[in-house]
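Protein chains get the first letters and strands the later ones, always in sequence-line order, with residue 1 at the start of each. Computed over heavy atoms, backbone and side chain alike; hydrogens, waters and symmetry mates excluded.
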2 protein chains.
Amino acid sequence: MVAFHEAVGATLGVTAVDQRALAVIMGAGSVSAGELAKEIGLTPGAVTGVVDRLARAGLARREPDPQDRRRLVITAVPGAFGDAFSGLAKAMAELTDRYTPAEQAVIGDWVARTIAVLREQTRILNERR
Amino acid sequence: MVAFHEAVGATLGVTAVDQRALAVIMGAGSVSAGELAKEIGLTPGAVTGVVDRLARAGLARREPDPQDRRRLVITAVPGAFGDAFSGLAKAMAELTDRYTPAEQAVIGDWVARTIAVLREQTRILNERR
DNA sequence: CACGACATTTCAGTACACTGAACTAAATTG
DNA sequence: CAATTTAGTTCAGTGTACTGAAATGTCGTG
């Protein structure tokens, strides 16, 4: 999975950090540059570069906030991320079809719990520094 | 999962590439520096650095090949990789216990097939360059 | 046993993302 | 409405991993 993400990044011209930033953006719907900086642990100066690369790759957009014109509203471009993963999505959909609904439920449960475990373990590792 | 790997790398002082190299080493049992270079797509010069970092982190060992003293036999240090992931391994073992043997079989089947899909999709992406 | 081929290391140069500080522009406050 | 705070960008400096080429040591071969 790590190798796959690296390959996606190489074809799109974005780093691993950029992809994690995109995940944050998609998860939140939209974020400001400052929020993004805090979330991924970079300085505001570095975030400019992150958003530059995501925008150049067509994955995110940078718009001024109409309420507060100092701020940016950074949003994911709908579909762009999916396009990069369309081959994977198709193959995974075919894979899912091999299982009964009951089996799919078990798999889904396991995946959700595994994600929770990974999040927790990541938190522990990052705390120890 | 990508974030977790990054956190592991940061605590051990190895890069994502280094970790993929370690996976190659463990998968093959042992490799020479040249084989490793070809496998992960780096020049021989860069591989010296990769092995340096893995050795410094206590994850791999670099020994001269007794048959051909120009060559290196690079092996993984048994247990070292597992130690870095011991927290994850424990949590995942507990998670596994929540499921019946039949359910575990379904999950195992899905994981194996998902890995195959990811390998294939990674190959396709890397080919397109 | 000398010669060319091979495996790895070393080293200078390059690329690139990050930090920290200065800067611009916009909002808030008194 | 001036002064302060806040948001983001720019820029010089830094760290680090990679490439390409030269150097070192070792293996086969005629």
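- Where the helix from C:dC1-D:dG30 to C:dG30-D:dC1 starts and where it ends, the local axes point in directions that differ by 10°; five pairs per end, rounded to 10°.
- At least one side-chain heavy atom of B:Val111 sits less than 4.5 Å from a side-chain heavy atom of A:Trp110.
- In the model, A:Asp18 has a side-chain atom that pairs as donor or acceptor with a side-chain atom of A:Thr15 under 3.5 Å.
- Counting heavy atoms from C-beta on, the side chains of A:Gln121 and B:Met92 never come closer than 4.5 Å.
- The NE2 atom of A:His5 sits 12.5 Å away from the NE2 atom of B:His5 when rounded to the nearest 0.5 Å.
- As rounded to whole Å, 11 Å separates atom C1' of C:dC18 from atom CD1 of A:Ile40.
- Going from atom CD1 of B:Ile107 over to atom CD1 of A:Ile107 covers 7.5 Å, rounded to the nearest 0.5 Å.
- Contact annotation: the side chain of B:Val8 approaches that of B:Gln19 to within less than 4.5 Å [non-hydrogen atoms, C-beta and beyond].
- Proximity of A:Arg62 to A:Thr48: side-chain heavy atoms (C-beta onward) are separated by under 4.5 Å at one or more points.
- Distance, A:Glu63 CD to D:dG8 P: 14 Å, rounded to whole Å.
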> Can you give one letter per nucleotide of nucleotides 15-21 of chain D, 5' to 3': B if a protein heavy atom sits under 4.0 Å from the base, S if only from the sugar-phosphate, - if neither?
Replying inline: --SSB--

> Reading nucleotides 25-30 of chain D 5' to 3', which nucleotides get B (base under 4.0 Å from a protein heavy atom), which S (sugar-phosphate only), which -?
Replying inline: BBS---

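- The separation between A:Leu36 atom CG and D:dT9 atom P is 11 Å, rounded to whole Å.
- Salt-bridge check for A:Glu120 with A:Arg123: passed, with a basic side-chain N closer than 4.0 Å to an acidic carboxylate O.
- The distance from atom OG of B:Ser30 to atom CD1 of B:Ile74, rounded to the nearest 0.5 Å, is 9.0 Å.
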>> One pair to check against salt bridge (charged side-chain N to carboxylate O under 4.0 Å, His left out): A:Arg113 and A:Asp109. What are the steps and the verdict?
In response: CA-CA 6 Å; A:Arg113 292 184 192 279; A:Asp109 182 74; 3.0 Å; yes

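- Separating the CZ atom of A:Arg62 from the P atom of D:dA7 is a distance of 16 Å, rounded to the nearest angstrom.
- With contacts defined as side-chain heavy-atom distances shorter than 4.5 Å, the pair B:Leu36/B:Leu72 does not qualify.
- A:Arg71 places its CZ atom 18 Å from the C1' atom of C:dT24, with the value rounded to the nearest Å.
- If you take CG of A:Asp52 and P of C:dC16, they are 14 Å apart, rounded to a whole angstrom.
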